[in-house]
Structure formats: structure tokens, C-alpha cells
Amino acid sequence: MADSVSLGRFVWYDLMTTDPKNAESFYNKIAGWGTQIWNGPVPYTMWMVGTTPIGGVMAMPPGVGAPPHWLAYIATPDVDRTVKQAESLGGTTHKEPTDIPTVGRFAVLTDPQGAYFAAFTPAGETPGHDGPAAIGEISWHELMTTDSAAAWKFYEALFGWEKRTEHDMGPMGVYRLFGYKGMEIGGMFDKPAEAPGPPFWLHYIRVDNADRVADLVKTHGGTILNGPMDVPGGDRIAQCMDPQGAAFAIHSRSG
């Protein structure tokens, strides 16, 4: 079992896409990621930041009705217990706890509002690290949902995330920041009624300059959905879509 200190840490990010090779090329150009083949029971390519794996990319399985998307894995010392607790809190299990030989055990769920995430118990050392994200790593996790107050209660109970500050965004409602081990790692808000699609998690890649990378996104076939723009504190962000249609975001720090 993983050490209990890993409870609630985002540790891995998978991209399910219709064109893995072109996706690999795109993210190499805009995020600087490399790739490495994992010799497991199914074909799988890992995203690499230098020599460190942070996630993977794979072809969308046949029959999946969802568009290309990212799925984040959140660490827990006991994935089976987490699944039972999630269900008791109103979540739904879409893939029962499953072992990956030598890697760990995972399950795929949705929260009560319908946003997908995965719970993961590593077989050995927990992937990732505490503290601020380096360039190329995921630096922010944002939940766009239909009821952020209810979603917060679900995740707080499930993963022990810390309630941080709240920002009043006027007509857009309240932006609820949350933390892990004393550091802010994401936010939640109610998406506008006119926004398409179900609730989902959007993950921000830390880059050196959001404006420069936003230009690269457009140059290499992606789309800028919003931004680049300043956020409180002076950081810069932009929400984007890759050429295959998976949403992601970029984030550069002010200092």
C-alpha cells in the first residue's frame, strides 16, 4: 500500500485520443514533453518531463462515445476503500478497481455531478512530488461543474483536500480554491449554463511564457478557447484545445 501521506495528490495524467502519434508531436512542441514506451500488457506511451514520467497517451478504445480527453489519477492508500467511500458520497464507479502488474491498482469514477477522475494506489513509490510544479509539469487542476459547493464536499471527504480562499467572480459566481499539504493546487466553479458538455476537470501545464506557448498552440493546429490573460497574483493562463479535441490549459508564473 502507498503511504497515507500520498492521499489526495494528483500523480498521473492520461490522454485518450484518436491520434496518439500526432498528439505526441503536438505536446512535444508546446510543452516540451518527450515520450517513452512502457513495455506492459497493453500498448502505452508515457509522457516524460526530462527523465521523469508524468502520464501517458493511448488510442481511444473502440466504442467509447466520449471525445478525446485527459484523465487525472489521484493517489490513495487504498483504492478499494476510496471507491466504496465515493459511492457512499454519491459518486459512480465506471471501472472497478483493477491491478496493473508491478505498477499499482486503479479505478475510474465520476463525482456526483458527473466529472471523471481516477483513484490510484501505487505498488511502490507514489509518482510525482509535493511542492510547486516545475516547467512541463501540471501546475493547476480546475473543476468546471454544475454545483461546486456540493462537489467540494465530495472531494474534501474523499481526499482530505484543504479549503482555501474563495473569489467572487460576479455573474460567474464563486471560484473555490483548494489545497494539498498547505499548497494551493486547484479551483472549482459553476460553469455557465450555456457552456456545452458535462462537468469536467481541466489541467494546466506549467510553461515558461503563456503568450509564447499560446502562439505555438495555434501554429501547430490547436485552438485557444480563452486567453491568454492575467489571473490574481499576476500569473498568465490560457485555456486550449489540442488538434484532436482534448481540452487542456497552460500557465506561466509571474515570478
Side-chain angles (χ1 to χ4, degrees), residues 2 6 8-28 30-49 52-76 79 82-83 86 93-111 114-124 126-129 133 136-143 159 185-186 197-206 222 240-250:
S6 67
R9 190 167 83 198
F10 285 87
V11 294
W12 198 257
Y13 306 88
D14 273 345
L15 174 63
M16 308 286 286
T17 184
T18 52
D19 192 341
K21 287 302 178 186
N22 279 334
E24 290 171 23
S25 176
F26 174 80
Y27 287 99
N28 172 262
I30 66 105
W33 292 344
T35 56
Q36 181 175 306
I37 300 297
W38 179 67
N39 295 314
V42 296
Y44 187 76
T45 300
M46 296 188 297
W47 299 116
M48 306 294 293
V49 176
T52 302
I54 63 165
V57 55
M58 67 186 77
M60 191 78 70
V64 174
H69 61 277
W70 284 92
L71 177 69
Y73 292 67
I74 305 168
T76 170
V79 70
T82 294
V83 165
T93 303
H94 295 270
K95 185 173 182 62
E96 295 290 340
T98 303
D99 289 323
I100 307 172
T102 75
V103 174
R105 187 167 173 82
F106 79 102
V108 179
L109 307 101
T110 49
D111 63 29
Y116 277 84
F117 67 97
F120 176 64
T121 300
T126 306
H129 62 85
E137 296 179 340
I138 306 300
S139 57
W140 196 252
H141 312 84
E142 190 169 76
L143 177 62
F159 293 120
I185 61 170
F200 74 101
W201 282 98
L202 181 68
H203 306 291
Y204 286 66
I205 305 167
R206 187 182 169 195
C240 316
M241 185 174 290
D242 70 24
Q244 289 72 48
F248 69 100
I250 54 177

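These numbers come from the heavy atoms of this one structure, side chains and all, not from hydrogens, waters or symmetry mates. Here the structure is a predicted model, which means the values were calculated and not measured.
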query = Shortest non-hydrogen contact from Gln244 to Pro68?
reply = O-CG, 3.1 Å
request  = Give, for atom CH2 of Trp140 and atom CD1 of Ile185, the distance between the pair rounded to the nearest 0.5 Å.
outcome  = 8.5 Å
message = Rounded to the nearest 0.5 Å, what separates atom CE in Met241 from atom CZ in Phe248?
response = 9.5 Å
key: Heavy-atom donor-acceptor pair, Arg206 side chain to Ala133 backbone, under 3.5 Å   = yes
query = According to the interplanar angle, ranging from 0 to 90°, do the rings of Tyr73 and Phe120 count as parallel (below 30°), tilted (30 to 60°) or perpendicular (above 60°)?
reply = perpendicular
remark   = Heavy-atom closest pair (Ile54 atom, Gly136 atom, distance to 0.1 Å) is CD1-O, 3.8 Å
key: Closest approach of Trp12 to Gly56 (non-hydrogen atoms, all atoms of both residues)   = NE1-N, 3.9 Å
request  = Take Gln36 and Met46 through the side-chain contact (heavy atoms from CB on, under 4.5 Å) test and state the conclusion after the steps.
outcome  = CA-CA 5 Å; Gln36 181 175 306; Met46 296 188 297; 3.7 Å; yes
request  = Would you indicate whether the side-chain heavy atoms of Pro127 and Pro122 approach each other to under 4.5 Å?
outcome  = yes
message = Please report the interatomic distance CZ(Phe159) to CZ(Phe10), rounded to the nearest 0.5 Å.
response = 8.0 Å
query = Which atom names give the shortest non-hydrogen contact between Ile100 and Trp38, and what distance separates them?
reply = CG2-CH2, 3.7 Å
task = Give the minimum heavy-atom separation between Val79 and Ala119, together with the two atoms involved.
result = CG2-O, 3.5 Å
inquiry  = Apply side-chain contact (heavy atoms from CB on, under 4.5 Å) to residues Val57 and Trp33 and explain how you reach the verdict.
reply    = CA-CA 12 Å; Val57 55; Trp33 292 344; over 6 Å; no
task = Using the side chain to side chain donor-acceptor pair (under 3.5 Å) rule, pick out the option among Tyr204, Trp201, Tyr13 that qualifies with His141.
result = Tyr13
note = Rounding to 0.5 Å, atoms OG1 (Thr82) and CZ (Arg105) come to a distance of 11.5 Å
key: Nearest atoms (heavy-atom pairs only) where Ala107 meets Glu96   = CB-C, 4.2 Å
ask   = CE of Met60 to OG1 of Thr17: how many Å apart, nearest 0.5 Å?
value = 6.5 Å
request  = For side-chain contact (heavy atoms from CB on, under 4.5 Å), just list the numbers for His69 and Phe200, CA-CA rounded to whole Å, side-chain angles, deciding distance to a tenth of an Å, and then say yes or no.
outcome  = CA-CA 10 Å; His69 61 277; Phe200 74 101; over 6 Å; no
ask   = Side chain of Thr76, backbone of Thr121: donor and acceptor closer than 3.5 Å?
value = no
query = Given the rule in the side-chain contact (heavy atoms from CB on, under 4.5 Å) test, do Ile74 and Val11 qualify, once you have shown the distances and angles that lead to the verdict?
reply = CA-CA 6 Å; Ile74 305 168; Val11 294; over 6 Å; no
task = To the nearest 0.5 Å, tell me how far Thr35 OG1 sits from Trp47 CH2.
result = 7.5 Å
